[in-house]
Amino acid sequence: MITVKLPDETEKEYPENSSALDVAASIGSRLADATVAAEIDGLIVDAMRPLEEVTETRPIPLRLLTERDPEALGVLRHSCAHVMARAVMKLYPGVNLAFGPTLGQGFYYDFDLERPISEDDFARIESEMKSIIKQKEPFERFSLDRDEALKFCDGMDQSLKVEHIETGLADHHTLSFYRQGEFVDLCRGPHIPDAGKIKAFKLLSVAGSYWKGDAQNRRLQRLYGTAWFSKKDLNKYLNQIEEAKRRDHRVLGKKLGLFTISNDVGQGLCLWQPKGAIVRSLLEDFIKRELLNRGYEPVYSPHIGRAKLYEMSGHFPYYRDSQFTPIFGHDGGQMIDFWIRKLDPKDEDYVEPSADEEQKLLEAAAVMGIDLSAFPKSGSVEDKLQVLRKWQDQQERYLLKPMNCPHHVQIYKSQPRSYRDLPVRLAEFGTVYRHEQSGELNGMLRVRGLTQDDAHLFCTPDQVEEEFRSTLELVQFVLKSVGLEDYRVVLSLRDPDSNKYVGSAENWDRAEATLRHVLTEAGFNFVEEPGEAAFYGPKADFMVRDCLGREWQLGTVQLDYNLPERFELEYIGSDNAAHRPVMIHRAPFGSMERFVGMLIEHFAGAFPLWLAPEQVRILPLSDKHLDYAKQVESQFRSAGFRITVDQHSAKVNAKIRQAQLDLIPYMVIVGAQEEAQGAVSLRDRIDGDLGEMPIDEAISKLKKEVKEKIIRQSFEADFSGIEAASEVSNEY
RNA sequence: GCUGCUGUAGCUCAGUGGUAGAGCACUUCCUUGGUAAGGAAGAGGCCAUGGGUUCAAGUCCCAUCAGCAGCUCCA
């Protein structure tokens with residue numbers, strides 16, 4: 001007999017080899033029917049597996065997972081991936097299976113198959129899947145030892161699985177498989193008891209991928225799908241996808257004239273059109289005022305700086321690949337730079353240059369007027385490098401700034417600092433340039449020139465905690481004022497096994513402990529992610545959920561014990577001795593581009609009144625009322641509103657329609673009636689006609705809405721059921 | 001950066017190797033209106049760029065640039 005302990009602490013005895021399903025059945029047949037998987041000792045496992053096989057713990061702690069538990073969705077989706085793979089194999093013989101894990105709200109499976117799969121094939125695959133599901137065949141688990149498993153996969157002609165067992169799973173003695181009808185797959189599980197549990201699914205897209213995610217490897221075809229316990233949930237999810245498409249900031253940005261990206265200017269370089277620029281400057285003004293209140297000092301710094309500066313800070317060497325090429329003062333600068341990198345044995349692409357190549361480079365240098373007479377042709381690489389570096393150091397070499405911090409550091413260093421001056425908080429909307437991979441660029445969300453609402457705090461070690469706390473508070477405040485109150489914080493820590501980080505272990509420990517302590521104390525919902533820290537320090541990123549439940553990484557607060565060290569920053573303490581300050585980098589919005597892009601999607605282009613580029617549009621009933629309309633316009637304008645008059649010769653219905661489509665928050669309709677009364681008729685974009693009222697009344701109503709930054713959205717999201725389900729790790 | 005798809009009017013898109021198309025927007029004229037589309041006419045194009053095949057290329061081929069999707073990356 002075995003003893004099982006349920007979440008309510010009750011303990012029961014069951015015969016050996018009992019499964020979670022048996023336990024469920026003993027409680028009730030409906031529960032047995034609803035049980036999808038089980039959680040034992042924190043591990044999600046098959047409901048049909050003998051309990052004692054899973055854990056050594058006695059009594060066995062068991063939690064039954066039903067369709068109501070989010071964890072169950074991951075299990076369902078992985079099983080659906082198997083069903084999809086089975087269907088694909090049936091339809092297209094010769095398929096080689098790769099991996100097929102679950103994702104936040106779906107799953108995919110990678111196939112190696114000559115014949116390209118297109119969306120036109122989806123209907124066929126789906127109907128094959130349907131007939132598989134109809135048979136309600138069980139998922140059966142069995143284990144084989146290494147040799148048997150290899151033979152087994154080889155026998156099925158699954159060479160990728162064979163390769164995976166030999167490489168990725170080299171340290172596994174036994175391997176588990178799941179059988180479902182004629183389909184067998186190497187898989188860690190868990191799976192649902194039988195395919196009949198898949199009540200609703202849909203194939204979503206097909207895309208290319210690589211074996212083990214490496215572009216050097218063979219290309220695979222990846223089929224994406226999603227699965228749910230009910231048709232209703234599936235439809236809800238599909239609606240969410242549609243809604244997300246409708247809100248695409250690239251489409252809305254074009255339609256509403258917010259921003260544009262011109263090929264002539266360059267990839268990933270965002271041009272703010274007047275309407276977008278207004279939104280941005282309102283946000284900047286808002287945060288600037290807030291910063292002044294909180295003891296920040298605005299500064300300005302140029303867009304470029306000497307490459308040496310960024311070599312000193314560590315950014316240039318570390319992020320060289322994602323930087324724009326340096327600006328060289330000498331035409332030959334780039335060639336020497338190339339040479340230096342080629343000679344440097346530390347460089348990844350290091351290939352020893354041949355004597356012939358070296359000779360050619362020397363000749364080219366001579367032609368370009370570079371004096372390398374000291375170059376030791378038969379000397380050591382180090383000696384050669386020294387000559388080249390010496391020449392380079394004498395030249396102008398600038399970088400488009402990838403970060404603002406080195407400039408702010410220089411401002412800090414421009415005068416002696418006393419402990420009485422600290423913390424020094426230097427703030428700048430600093431535009432930085434990063435040469436992101438072309439495939440990564442995406443509207444305003446991923447650009448090559450971005451403006452951070454940046455600031456750097458220089459403080460004593462004792463002040464770190466308080467400064468970090470108040471910074472978090474600032475981010476909270478800022479997000480709240482644009483109606484973003486649903487977020488979590490990701491605390492990114494270093495990976496203790498990696499050597500990519502700079503600074504001492506003690507400093508890291510101290511920094512991480514401080515962040516953890518403040519976040520805990522302030523009651524933040526946060527998770528720790530080891531290995532995700534920046535190379536110079538741990539960071540706390542704000543992951544903000546928009547009204548569709550999508551997460552965006554926006555604001556960030558980062559601790560830095562490294563730059564003060566590298567730049568030898570100091571302040572004089574009360575003991576009259578020099579001490580090293582600590583730096584905090586922080587950007588509540590992250591970047592203006594990304595933040596505004598996110599806001600466009602969050603509001604579906606319909607900004608709240610205080611941010612709307614065009615707040616009010618006057619719609620004269622006919623040309624006869626144009627004069628009065630202009631009079632009303634000037635009254636609103638002197639009250640501070642962004643307002644226009646629709647002067648088209650169209651019926652008021654058409655003007656209203658246009659204003660609605662342009663997402664103008666308020667329309668003011670004026671005709672003979674209003675003119676006679678010296679009044680206006682107000683129409684709300686969301687609630688429609690508000691009736692006639694005196695101009696003053698309309699103005700003060702709108703003023704109040706602006707002042708309080710009221711957010712009214714016509715969109716009622718109901719995606720509560722489809723928050724990202726926990727991802728179940730079910731790959732080998 | 002890699003793979004695939006795409007690039008035609010300001011926007012959204014049709015277009016079979018043989019004369020460049022539609023709807024919306026725009027301009028003009030008629031219409032002067034009461035809470036989501038009044039009517040008519042007109043203007044608008046180096047069919048992304050550069051090569052090639054062909055008697056003939058928006059259409060077929062190659063390259064480049066850009067966009068999209070996915071992969072990989074993100075200070």
Side-chain angles (χ1 to χ4, degrees), chain A residues 108 110 116-119 204-224 248 250-251 254-255 257 260-268 310 313-316 318-323 401-406 432-443 445-448 450 452 454 492 532-537 539 541 553 556 558 560 562-563 585 587 590-591 594 619-626 648-662 667-674 681-685 687-692:
Chain A
Y108 67 80
D110 282 345
I117 298 177
S118 79
E119 299 203 0
L204 296 176
S205 59
V206 57
S209 65
Y210 300 99
W211 172 235
K212 300 200 169 177
D214 186 341
Q216 305 298 318
N217 287 342
R218 141 174 36 191
R219 249 184 63 72
L220 306 171
Q221 301 193 65
R222 176 171 297 180
L223 264 180
Y224 286 89
D248 189 317
R250 292 166 300 191
V251 176
K254 189 179 265 183
K255 202 157 86 185
T260 183
I261 294 176
S262 155
N263 202 2
D264 293 333
V265 174
Q267 248 189 317
Y310 303 98
S313 72
H315 292 112
F316 186 46
Y318 194 86
Y319 292 106
R320 167 127 206 173
D321 290 345
S322 42
Q323 301 245 229
K401 70 175 170 184
M403 290 287 278
N404 298 304
C405 22
V432 298
Y433 298 89
R434 297 169 182 183
H435 195 269
E436 304 284 1
Q437 296 181 30
S438 60
E440 290 310 327
L441 301 173
N442 177 294
L445 299 179
R446 195 78 183 270
V447 288
R448 284 182 172 167
L450 54 132
Q452 300 175 315
D454 211 359
S492 298
E532 294 298 314
F535 74 92
Y536 51 73
K539 57 178 184 169
D541 291 322
Q553 188 185 323
T556 180
Q558 311 181 355
D560 188 346
N562 169 52
L563 282 186
H585 309 239
S591 85
R594 199 178 156 68
L619 314 180
L621 212 56
S622 80
D623 292 353
K624 285 182 237 160
H625 312 104
L626 256 181
H648 285 89
S649 157
K651 284 210 219 175
V652 74
N653 273 336
K655 293 181 185 176
I656 287 170
R657 183 182 134 84
Q658 196 52 51
Q660 290 283 150
L661 293 176
D662 292 343
M667 284 153 260
V668 160
I669 295 166
V670 293
Q673 219 170 291
E674 288 78 7
S681 280
L682 203 57
R683 181 188 160 94
D684 181 283
R685 188 181 68 81
D687 295 336
D689 191 4
L690 299 182
E692 193 177 312

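Residue numbering restarts at 1 for every chain, and letters A, B, ... go by the order of the sequence lines.
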If the [atom1] atom of [N] is compared with that of [M], how far apart are they to the nearest Å?
N     : M     : atom1 : value
B:G70 : B:A36 : C1'   : 39 Å
B:G23 : B:G4  : C1'   : 31 Å
B:A63 : B:A25 : P     : 42 Å
B:U6  : B:G17 : P     : 16 Å
B:G21 : B:G15 : P     : 15 Å
B:G18 : B:A57 : P     : 11 Å
B:U12 : B:G34 : C1'   : 32 Å
B:U35 : B:U31 : P     : 23 Å

What heavy-atom pair brings A:His625 and A:Ala672 nearest, and what distance separates the two atoms?
NE2-N, 3.2 Å
Side chains of A:Asp454 and A:His585 only: does a donor on one sit below 3.5 Å from an acceptor on the other?
no
Strictly by modelled atom types, are A:Glu440 and A:Ser438 linked by a side-chain donor-acceptor pair under 3.5 Å?
no
With no angle test and no hydrogens, is the base of [N] tied to the side chain of [X] by a donor-acceptor pair under 3.5 Å?
X        : N     : value
A:Ser322 : B:A75 : yes
A:Glu674 : B:G34 : yes
A:Asn653 : B:U35 : no
A:Arg446 : B:C73 : yes

Kindly compute the distance separating [atom1] ([X]) from [atom2] ([Y]), expressed to the nearest 0.5 Å.
X        : Y        : atom1 : atom2 : value
A:Arg434 : A:Asp321 : CZ    : CG    : 14.5 Å
A:Leu661 : A:Ile656 : CG    : CD1   : 12.0 Å
A:Gln553 : A:Asp541 : CD    : CG    : 4.0 Å
A:Tyr108 : A:Leu204 : OH    : CG    : 14.5 Å
A:Met667 : A:Leu682 : CE    : CG    : 9.0 Å
A:Leu445 : A:Leu450 : CG    : CG    : 12.0 Å

Choose from [options] the nucleotide whose nearest atom is closest to any side-chain atom of [X].
X        : options             : result
A:Tyr224 : B:C71, B:A75, B:U35 : B:C71
A:Tyr319 : B:C74, B:U12, B:C68 : B:C74
A:Glu440 : B:G38, B:U35, B:G1  : B:G1
A:Ser649 : B:G34, B:C11, B:U32 : B:U32
A:Ser622 : B:U32, B:A36, B:G34 : B:U32

Tell me the interatomic distance from [X], atom [atom1], to [N], atom [atom2], rounded to whole angstroms.
X        : N     : atom1 : atom2 : value
A:Asn442 : B:A66 : CG    : C1'   : 15 Å
A:Gln221 : B:C2  : CD    : P     : 20 Å
A:His435 : B:C74 : NE2   : C1'   : 14 Å
A:Glu436 : B:A75 : CD    : C1'   : 10 Å
A:Leu621 : B:U35 : CG    : P     : 9 Å
A:Gln323 : B:A75 : CD    : C1'   : 9 Å

Using the rule given for side chain to side chain contact (heavy atoms under 4.5 Å, CB included), can you reason through A:Asn404 versus A:Gln452, listing the C-alpha separation, both sets of side-chain angles and the distance that settles it, and then say yes or no?
CA-CA 9 Å; A:Asn404 298 304; A:Gln452 300 175 315; 3.1 Å; yes
Could you go through nucleotides 44-47 of chain B and list every protein N or O atom that sits under 3.5 Å from one of its N or O atoms, giving the distance for each pair?
none

At 4.0 Å (heavy atoms only), tell me whether [X] reaches a base, stays on the sugar-phosphate, or touches nothing.
X        : result
A:Arg683 : base
A:Lys254 : sugar-phosphate
A:Ala672 : base

So A:Val652 and A:Ile669, do their side chains get closer than 4.5 Å, heavy atoms only?
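Yes. Closest side-chain heavy atoms under 4.5 Å.
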Would you please test A:Glu674 and A:Ser681 for side chain to side chain donor-acceptor pair (under 3.5 Å) and show each step?
CA-CA 7 Å; A:Glu674 288 78 7; A:Ser681 280; 2.6 Å; yes
Most 5' of A:Pro402 and A:Ser681 on RNA chain B, judged by nearest nucleotide
A:Ser681
Per nearest nucleotide of RNA chain B, the residue lying toward the 5' end, A:Thr556 or A:Gly688, is A:Gly688
Does [N] have OP1 or OP2 under 4.0 Å away from a side-chain N or O of [X]?
X        : N     : answer
A:Gln437 : B:C73 : no
A:Arg250 : B:C68 : yes
A:Lys624 : B:G33 : yes
A:Arg320 : B:A75 : no

Would you say the side-chain atoms of A:Lys539 pair up with the backbone N or O of A:Ala534, donor to acceptor, closer than 3.5 Å?
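No, the answer is negative, given that no donor and acceptor are paired below the 3.5 Å cut-off.
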What residues, two or more places apart in sequence or in another chain, satisfy side chain to side chain contact (heavy atoms under 4.5 Å, CB included) together with A:Phe316?
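With sequence neighbours excluded, A:Phe316 shows a side chain to side chain contact (heavy atoms under 4.5 Å, CB included) to A:Tyr310, A:Glu311, A:Arg320, A:Gln323, A:Pro326, A:Arg397, A:Leu399, given in chain and number order.
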Partners of A:Arg685 by side chain to side chain contact (heavy atoms under 4.5 Å, CB included), sequence neighbours excluded?
A:Ala606, A:Gln660, A:Leu663, A:Ser714
Paired stems touching RNA chain B, three or more consecutive Watson-Crick or G-U pairs with both distances under 3.5 Å?
B:1-7 with B:65-71, B:10-13 with B:21-24, B:26-30 with B:38-42, B:48-52 with B:60-64
Using atom names, set out every protein N or O paired with an N or O of nucleotides 22-27 of chain B below 3.5 Å, distance rounded to 0.1 Å.
| unit_1 | atom_1 | unit_2 | atom_2 | d |
| --- | --- | --- | --- | --- |
| B:C26 | OP1 | A:His648 | NE2 | 3.0 |

Is_stacked (A:Tyr318, B:A75) at 5.5 Å, 30 deg
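Not stacked by the 5.5 Å and 30° rule.
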Which protein N or O atoms sit under 3.5 Å from an N or O of nucleotides 3-9 of chain B?
| unit_1 | atom_1 | unit_2 | atom_2 | d |
| --- | --- | --- | --- | --- |
| B:U3 | O4' | A:Tyr210 | OH | 3.3 |
| B:U3 | O2' | A:Arg219 | NE | 2.8 |
| B:U3 | O2' | A:Arg219 | NH1 | 2.6 |
| B:U3 | O2' | A:Arg219 | NH2 | 2.9 |

Looking at A:Arg683 and A:Asp689, is any side-chain nitrogen of the basic one under 4.0 Å from a carboxylate oxygen of the acidic one?
no
Taking 4.0 angstrom as the limit, do A:Arg448 and A:Glu436 come out as a salt bridge?
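No, this pair does not count.
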